[in-house]
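Counting starts at 1 for both ligands and their atoms, following the listed order. Hydrogens, waters and symmetry mates are skipped; everything else that's a heavy atom, side chains included, is used.
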Amino acid sequence: MMNKKNLEVYVHIPFCARKCAYCDFLSFPGNQQMQREYTEKLIEEIKCQSAKVKEYQVISVFIGGGTPSILSIGDMAAVLHALKEAFEILPGAEITMEVNPGTVTAEALSCYREAGVNRISMGLQSADDKELRYLGRIHTYDEFLKSYQRVRMAGFDNVNVDLISAIPGQTLESWKNTLKKVTMLKPEHISAYSLIVEKGTPYFDRYGEHGNMEKCHSLKSLPDLPDEDTEREMYYLTQEFLNEQGYERYEISNYSKNGYECRHNIGYWTGVEYLGLGLGAASYLNGCRFHNTPSLDEYCSARLDQEEAFQRVLRQEFEQLTIEEKMEEYMFLGLRLMKGVSAHGFVSNFGHNIRSVYGMVLDAMEEEGLMEYKDGYYRLTSRGIDISNYVMSRFLK
Ligand code: SF4
C-alpha cells in the first residue's frame, strides 16, 4: 500500500462575543442564525475538501478562531463528527480546541472530549482585570479560573494558556504577577507573545505611528504602552521565570512542560502540509499556497459541490511555490524553533545539502554570533533570537 502523506487540518470559527480592541484576526460577532448557516457550510466544505486529500493522513487538527467555543454544542459536535467522517485522522492525533474563558461550559467541554478533542487552548492574556478591560476581553481573571477548573474537571490533561505582555499600563510587576498566577495552575503549555499594534485595529488608531485620538474616542482614557526598555525586560523575565518553573522554551514565544510541545504548531514550523477549512483559512498543499475567501457572504452562498465555485471560493491567491521559495520558507519557519533547522531534513526535503544553498549566509551568521550548529541542527543563538527578524530576513532573497 502506498504510504500516505502527513497533513494538518485547521478549522476556522470566525465568531466572537465582542471584538477585542487589539485583534486583527478574521473574527466578528455573529448571531445564532449566522452561526448555524456557517456551520452547515463548513460541514459542506469539509466533505468537498476531503475528496481532494485522499492521499493524506491527518496528524493534527486545530479548531481556532475567533472563538470556537461560541458555537452551540450541537453545531460543534456536528463539525467534529464531520471531520472524523471525512478525513483519515490517525489514532493519537493531537486535536486542539481554542476556548474563550467567557464562553465555555462544563457540558460543552465534556462533549468536546467525547468527540475526541484532547487539547484545550485558553486565551487568558493577563491575570489583571484592569489589563483585561484595556484589551477589550469579555472575561475577568476569576471567570478564567472557573473555566480552567471546568477544563480540568472535564478530564483534559493537555492545556495551553495564551498570554500577552506589553499591554497598555502594564508594569514589570504586574506581568510577573500574571506569570506567577498562571504557572501556579500548572498548565502544560504557555504561549507568551508581546502585544503587536496591528493596522486596522482600534489600538492602531490609539497607539499606531500617528495615533489618531479623534478616531478612537472610546480608547482615549487608556494608558500608554510600556516603553521599549520595559518591554525588553518583560521579554527576558518571561524566559527566566518560565524556565525556573519548569517550562522549556521550544519556540520563540512558546513554552511547555517536557513532551507537551504543540505538535500542530511544530508541524507548521517544520513544513508539514496543512489544509485550512472555514472562512479565510490558509492552506499549503502539494507545494501550493492558497486561502479560502474571507467574505462570509461569498462563503455561505457558494455551491461548493460545483468545481467552478469550489476553485473560486476555496482556492484564492493560488500560488505554486518555486523550490527557492520553499527553501526560504523552510528556513524562515524552522529558525523559530529553539532546536533549529535540521540539516538532514533539508536534504530529504529538497535533495540539496543545506550548506550548498545557504553556506555563505550560515557562515556570516555564525561569525556574527547569531547562529550556531549543534547535533545536526542550525539554530539561533540567544543573541540571534533577540534579533530574529534580522537573521530570518537574511535567508530571504
Ligand atoms: S477573542 Fe480572540 S479572535 Fe476574538 S476578538 Fe478577541 S482576540 Fe480576536
Side-chain angles (χ1 to χ4, degrees), residues 10-32 34-35 38-39 42 62-72 75-76 79 96-105 108-109 112 119-141 143-144 146-148 151 159-168 170 178 182 187 189-208 216 218-219 222 225 253-254 262 264-265 276-282 291-292 294 296 299:
Y10 172 77
V11 182
H12 192 67
I13 309 294
F15 306 106
C16 287
R18 191 178 69 204
K19 190 81 183 166
C20 301
Y22 60 97
C23 175
D24 77 331
F25 295 149
L26 181 56
S27 68
F28 38 78
N31 61 33
Q32 278 198 343
M34 245 172 156
Q35 294 177 14
Y38 182 78
T39 303
L42 180 60
F62 196 103
I63 302 170
T67 305
S69 51
I70 209 169
L71 284 194
S72 72
D75 281 349
M76 186 49 85
V79 170
T96 303
M97 166 103 67
E98 280 185 343
V99 306
N100 190 319
T103 59
V104 73
T105 63
L109 286 163
Y112 303 159
R119 183 171 184 272
I120 292 288
S121 177
M122 306 183 75
L124 166 63
Q125 319 312 354
S126 165
D128 182 306
D129 284 345
K130 199 162 35 59
E131 291 169 12
L132 289 173
R133 266 202 319 279
Y134 294 157
L135 290 171
R137 304 288 300 178
I138 58 165
H139 56 87
T140 60
Y141 179 62
E143 281 165 337
F144 162 80
K146 289 189 182 120
S147 300
Y148 186 86
V151 167
V159 178
N160 166 57
V161 177
D162 282 338
L163 298 176
I164 298 181
S165 62
I167 294 170
Q170 192 171 48
T178 287
V182 170
H189 189 284
I190 296 176
S191 295
Y193 287 87
S194 282
L195 179 79
I196 297 175
V197 176
E198 302 281 4
K199 277 198 178 134
T201 63
Y203 262 34
F204 191 79
D205 295 334
R206 167 71 175 83
Y207 301 110
C216 56
S218 57
L219 299 185
L222 247 56
L225 295 172
S253 306
N254 283 280
C262 175
H264 185 85
N265 285 346
L277 304 162
L279 202 66
H291 64 79
N292 290 357
L296 187 65
Y299 183 73

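Side-chain contact annotation: T103 with T67, donor-acceptor N/O pair under 3.5 Å absent. For the residue pair R137 / Y22, a side-chain donor-acceptor distance below 3.5 Å is found, with atom types taken as modelled.
Distances shorter than 2.8 Å separate atom 6 (Fe) of ligand 1 from the protein N/O/S atoms C20 SG.
Residues satisfying the side chain to side chain contact (heavy atoms under 4.5 Å, CB included) criterion with E198, sequence neighbours excluded, are D24, I196, T201. Residues meeting the salt bridge (Lys or Arg N to Asp or Glu O under 4.0 Å) test with D128, sequence neighbours left out: none. Residues passing the side chain to side chain contact (heavy atoms under 4.5 Å, CB included) test with L26 are H12, F28, L279, P294, sequence neighbours excluded.
Residue Y22 has at least one heavy-atom neighbour below 4.0 Å for each of these atoms of ligand 1: 7 (S). Near G66, with a cut-off below 4.0 Å to any heavy atom, the atoms of ligand 1 are 3 (S).
Taking the six-membered ring where the residue is Trp, Y148 and F144 present tilted rings, their angle falling between 30° and 60°. Taking the six-membered ring for Trp and thresholds of 30 and 60 degrees, Y38 and F15 have ring planes more than 60 degrees apart, a perpendicular arrangement.
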